[in-house]
Amino acid sequence: MILQLKRIFERVGDGIDICGEIPLEELRELGGCASFVTPVSFRGRAVNRAGMVSLDYTAGVTVRHLCDRCLDEFDREYSFDFSHILTRSEAPVGDDDVYCEGGALDMNELAISDLLVEFPTKVVCSEDCKGLCPVCGCNLNHGTCSCSERE
Ligand SMILES: [Zn+2]
Ligand SMILES: [Zn+2]
């Protein structure tokens, strides 16, 4: 989704509601650490306050992870809030500033790069995941083995 924000940049007080979805096909091409189960949905608002355009939005998605402890696959739903200052200057001032060439913003690209930073690199399926038996490797969430009895 490409947002044309020229009008917002030029009129103080003007704003635009943003709402969209990034389809799975587009997300799959990204690969990386995250495997997306649902489309990414985002919703927010860009507004020109006293000449400064800010963007606040929430992005949500469900991601399939591999548990770091028991190696089971599981899905987790995420929702994050993001804030940016949008600028038409090629030399953004702050880290969260987003350069909008010609007043246009690629919302999909922004939402994906924002989300990828937020995903944890190590995840467990549940806080009390029992993990794998260090001896036989069986998944102790699904059953018990006899290794501990032999001690
Ligand atoms: Zn686990
Ligand atoms: Zn065992």
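When a ligand or atom number is given, it counts from 1 through the structure's own listing order.
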Practice task
Kindly say whether the aromatic ring centers of Y99 and H84 come within a distance under 6.0 Å.
Solution key: no
Problem - L66: hydrophobic cluster co-members (side-chain, 4.5 Å) - result: none
Problem - Any I85 side-chain heavy atom under 4.5 Å of V53 side chain - result: no
Exercise for the section: Decide side chain to side chain contact (heavy atoms under 4.5 Å, CB included) for F42 and M107; before the verdict, give the C-alpha distance in whole Å, the side-chain angles of both, and the deciding distance to 0.1 Å. Expected result: CA-CA 9 Å; F42 54 85; M107 193 57 208; 3.2 Å; yes
Completion exercise
Near the Zn ion (ligand 1), meaning under 2.8 Å, the protein N/O/S atoms are C67 SG, C70 SG, C125 SG, C129 SG
Handout entry: Test: D14 and R7 ion pair at under 4.0 Å
Key = yes
Handout entry: Approximate separation, where rounding is to 0.5 Å, of S126 OG and R76 CZ
Key = 8.5 Å
Handout entry: Pairing residues for D106 by the side-chain hydrogen bond (donor to acceptor under 3.5 Å, both in side chains) criterion, not counting sequence neighbours
Key = none
Practice task
Return yes if a side-chain donor-acceptor contact under 3.5 Å exists between H65 and D75, otherwise no.
Solution key: no
Fill in the blank from the handout: So the protein N/O/S atoms within less than 2.8 Å of the Zn ion (ligand 2) come down to C133 SG, C136 SG, C145 SG, C147 SG
Exercise for the section: For L27 and T38, work out which heavy atoms get closest and say how close. Expected result: CD1-O, 3.7 Å
